[in-house]
Amino acid sequence: MYQHNAMNAYRSAVSQSLSDREADAECFRRLIAVLESVAYEGDVVKRNQAIAKNQRLWSLIQRANAVEAGMVETEDRLLFARMADQAQRYGIRAMLDPTLSLAPLIEAASNVLEGLSSFAEEEG
C-alpha cells in the first residue's frame, strides 16, 4: 500500500516537473521581474540586490559554458560566455553608477528568454 502511494506521488511529481529549458526560462522570467521592479526606483540597496541576482545568474551560465561537456555546440557556448561577460561587466558598471539604466540587463535577459521560449515551442 505505501509503495503504491509513493509511486503515485513520484509519477505526479515527475509529470509536473519542469524541463531544463523550462527551468532556465523561469530563472530569466524571475530575473526580468526583479530588474524591472527596481529599474525606476530610487532605492539603491534594492537595485544593487537585483543587479547581484543578475550577476549570479550570468556567472552560473558562464561557468556552465566554460567547460566542454558535449551538451552545447562550441559556437553556442562561446555566444553564451560572451553574453554572460557583457551582462556582468554592465552589471558592475550599474552597481557603481546608480544613474545607469538597467534596460540593457533587462534586454539581454529578455532576449535569452525569447530564445528559450521559441526553442520550447519548436519542441512542443
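Here CG of Asn54 is found 11.5 Å from CG of Asn48. Values are rounded to the nearest 0.5 Å. The CD atom of Gln62 lies 5.5 Å from the CG atom of Asp85; values are rounded to the nearest 0.5 Å. Between the CZ atom in Arg47 and the CG atom in Leu35 there is a gap of 9.5 Å [rounded to 0.5 Å]. Separating the CD atom in Gln88 from the CG atom in Leu105 is a distance of 10.5 Å, to the nearest 0.5 Å. Atom CZ of residue Arg89 and atom CD of residue Gln55 lie 11.5 Å apart, to the nearest 0.5 angstrom. For the atom pair CZ (Phe28) and CG (Asn111), the distance works out to 10.5 Å, reported to the nearest 0.5 Å.
Comment: Asp97 does not engage Arg93 in a salt bridge, judged by the lack of any side-chain N to carboxylate O separation of less than 4.0 angstrom.
When all heavy atoms of Ser101 and Tyr90 are compared, the closest pair comes out as O-OH, 2.6 Å. Here the closest non-hydrogen pair linking Ala39 and Ile106 is CB-CD1, 4.2 Å. The shortest non-hydrogen separation linking Met95 to Ala52 is CE-N, 3.6 Å.
Not counting sequence neighbours, the partners of Lys53 by the side chain to side chain contact (heavy atoms under 4.5 Å, CB included) test are Leu31, Val34, Arg56. For Arg29, the salt bridge (Lys or Arg N to Asp or Glu O under 4.0 Å) test picks out Glu26, with sequence neighbours left out.
Residues Leu60 and Ile92 do not share a hydrophobic cluster, defined by chaining ILVMFWY side chains whose heavy atoms lie under 4.5 Å apart. No single ILVMFWY cluster, assembled from side-chain heavy atoms under 4.5 Å apart, contains both Leu100 and Val44.
Residues Met83 and Trp58 meet the side-chain proximity criterion, which asks for heavy atoms closer than 4.5 Å. Between Leu102 and Ile51, some side-chain heavy-atom pair lies under the 4.5 Å cut-off.
Other residues, nucleotides and ligands place no more than 12 heavy atoms under 6.0 Å from the CD atom of Glu75.
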